[in-house]
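On a predicted model such as this, the values are computed, not experimentally measured, just so you know. A note on names: the letters A, B, ... follow the listed sequences, proteins ahead of strands, and every chain is numbered from 1.
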Protein chains: 2
Amino acid sequence: MKQTPLARSVTMEDVARDAGVSRALVSLVMRESPKVSPAKRAAVLQSAAALGYSPNRLASRLASHRTNTLGVLFLDLHNSVFADMYDGITEGIAGSGNQVMVAVGSADPGTELDALKNFVDLRADGVILAGYTGSAGELEAALRGTPAVVITREMEVDGVASVLTDDFRSGVLAVEHLHGLGHRRIAHVDISDWLPYTARREGYLHAMRQFGLEPMLVHSDMTERGGRAVMEAFLASGATLPTAIFAHNDLTAIGIMEALAIRGLAVPGDVAVMGCDNIEVAASPLIGLTSIDQHAGELGRVAAQVMLDRLAGSAGPAVTRKLEPVLMVRRSSDPSAV
Amino acid sequence: MKQTPLARSVTMEDVARDAGVSRALVSLVMRESPKVSPAKRAAVLQSAAALGYSPNRLASRLASHRTNTLGVLFLDLHNSVFADMYDGITEGIAGSGNQVMVAVGSADPGTELDALKNFVDLRADGVILAGYTGSAGELEAALRGTPAVVITREMEVDGVASVLTDDFRSGVLAVEHLHGLGHRRIAHVDISDWLPYTARREGYLHAMRQFGLEPMLVHSDMTERGGRAVMEAFLASGATLPTAIFAHNDLTAIGIMEALAIRGLAVPGDVAVMGCDNIEVAASPLIGLTSIDQHAGELGRVAAQVMLDRLAGSAGPAVTRKLEPVLMVRRSSDPSAV
DNA sequence: ATGAAAGCGCTAACAC
DNA sequence: GTGTTAGCGCTTTCAT
């Protein structure tokens, strides 16, 4: 019974013949068209089931010129902030008749662009990029006119909308919070220079300047492991510790807390720590990490909405939606916090 | 210059005309065929770039009858064990010329099957299911012969391979560990009855029986929130606490630890806790959760390998690869652990 | 090495 | 309602 793999599959033609109708009619039935007689519909469905027919969506998409599919590209599956965004996106497109296909960029310049091009080559109706790290030029070239919305970053590209939380403001909020707690030696662990996400750092620098404080910057890579490594190196260096550290994101902050914990240093007693994103684990009573809520779920929802509006033509050019970050105070900076 | 969206895109025909060659030749150039003269190749590439040509992969896949694409379905993006599997899968297919397209099932019976059918309808060469929760029958029907490998579960379906860690053994390991630590009142927080993942529970029950201990079972839903809710409810009930709890997975275990922490109960002092999966955060010094390593990355790698072998035809029927779980002792069960 | 012709499996008018 | 006729944009023999 077992056919050799890739044996010619059952086509609409086969179903049509079996049901004694035309191919077009089968097509209508498959697309649940209302203008098909119940009798014929039943016959077609019956034949399709009997023959084990599986519609070839490559063919239907090619012929119909639309895919009803949104490509969604994530930077990193290990950061749950993207899981939150995913949830928001699916909520946002629910009931729109669209579906998503997701890919992961992995912060690798090549992988990211390949995935993006793949979406375009597969003719996704639109693309949502959650954490794009490439350049505006590459993005524009890869898109070739495909509508796109970038989450967490402001892009000055034609036809590309941006949905993000005010990162500069987040940096300011962080410093204001720590300064208000009495800290003066406030360090910032940010990310590699080549990455385009610099606004949090800018905000930090701006606020430090405002307060007349000396900035302390260290680079890391947005991961837990990276944050931990950076803090371990710092501790090993014997340099004077800051009294507070603001990390680029929660993962990094957690890594920092780990390094401190291993060294037997108290948080916030010896060093206060805070992150940014407000991922699920930051709120855990076991961690209690002060953070800045980026509203990841909402970002996803809004991004989806912006995309749908754009596809419906009811949107002008290059929208930018910016949400207000919200400080979430927890034990890692303030012992009196819940 | 800007065309209206969805304007007829540049086709191979256009490029061919512009370059003064045949469509077939352009096709060869696009597929990097060696048998094209350098001159013509340059001309084609030049025209393609000038016209902003973007190959339509729907068409090429339709015509060539292969997609070189593996569909990967994940149960839950919030559980980082799937991120680990994803990494393993990409490692596994690296260099094979294949790519992945991912979808998320969300433990919803419908969503999961839709995503799966979509892979099939899009003619993925194969499908990898990480955390499939549906029935064998539905799986077989949806696949329609598409090769598949299921991770974390043993499936008795024709043409479907299984790659998993011995869950029964994991359950036994957990009980043995806790029993060895002197615990006798050992509870197990497992998952909903309708879910197909019962082997860990079976292992737990078996081992409890072996030791002549009374099993204590509570259902939850595999999430942190769920574990926390269940534990809070239990605490509120005033029932006598077990001295140790083995949770179905790490997320659940962490939720349990949170509920205990909020209640001011010490882990493992008042209650020892352990999970299963050994996700990244379990190993964090901030959490120190005893767990059972499922080798998620390895599972992904092996699954990819099995899939590739299958596609290359070098594999027999229905392989099952089962890995040995490994106990990772940490503070949540043993204070003397690192 | 290159071109011509015949599909791939479906949808989209347009007739009837 | 249902069938007919053209494609969609590409890959594939098969010539040359």
Review point. Does any donor-acceptor pair link the side chain of A:R23 with the base of C:dT11 at a separation under 3.5 Å?
Key: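 By the distance-only test, yes, there is a pair.
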So, [X] versus [Y]: side-chain donor-acceptor pair below 3.5 Å or not?
X	Y	answer
B:T69	B:R61	yes
A:R31	A:S27	yes
B:N118	A:Q99	yes
A:H295	A:D84	no

Taking the side chain of [X] as its heavy atoms from C-beta onward, which of [options] lies nearest to it?
X	options	answer
B:Y53	C:dA1, D:dC10, D:dT2	D:dC10
A:L28	C:dG3, C:dG7, D:dT2	D:dT2
A:S60	C:dG9, C:dC10, D:dG1	C:dC10
B:H65	D:dC10, C:dG9, C:dT2	C:dG9
A:S64	C:dG3, D:dG9, C:dT11	C:dT11
B:L62	D:dG9, D:dC10, C:dA12	D:dG9
B:N56	C:dA12, C:dT2, D:dG9	D:dG9

Exercise for review: Using a cut-off of strictly less than 4.0 Å, decide whether A:S37 has a side-chain nitrogen or oxygen near OP1 or OP2 of D:dT2.
Suggested key: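 Affirmative; the distance criterion is met.
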Check your understanding: Can you tell me if the side-chain N/O atoms of A:S22 get under 4.0 Å from OP1 or OP2 in D:dG3?
Key ->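 For A:S22, the contact criterion (side-chain N or O under 4.0 Å from OP1 or OP2 of D:dG3) is met.
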Whole-Å gap separating [atom2] ([N]) and [atom1] ([X]):
X	N	atom1	atom2	value
A:M30	C:dT11	CE	C1'	14 Å
A:L122	D:dG9	CG	P	15 Å
A:K40	D:dG1	NZ	P	12 Å
A:K35	C:dA12	NZ	C1'	11 Å
A:R17	C:dG9	CZ	P	12 Å
B:L58	D:dG7	CG	C1'	16 Å
B:R123	D:dC10	CZ	C1'	17 Å
B:M12	C:dA4	CE	C1'	16 Å

Practice item. Check the pair A:D121, B:S54 against side chain to side chain donor-acceptor pair (under 3.5 Å), reporting the backbone distance first and the verdict last. Key: CA-CA 6 Å; A:D121 293 349; B:S54 159; 3.2 Å; yes
Check your understanding: Taking for each residue the nucleotide of DNA chain C bearing the nearest heavy atom, is the 5' side occupied by B:V36 or by A:A59?
Key ->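 Of the two residues, B:V36 wins.
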**Study point:** A:A48 versus A:M30, closest heavy-atom pair with distance
**Key:**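 Closest approach of A:A48 to A:M30, heavy atoms only: CB-CE, 3.8 Å.
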Practice item. With heavy atoms under 4.0 Å as the rule, sort A:L25 into base, sugar-phosphate or nothing. Key: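 Touches sugar-phosphate only.
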Review point. For B:R31, which contact category applies under a 4.0 Å heavy-atom criterion: base, sugar-phosphate, or nothing?
Key: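 The residue B:R31 makes base contact.
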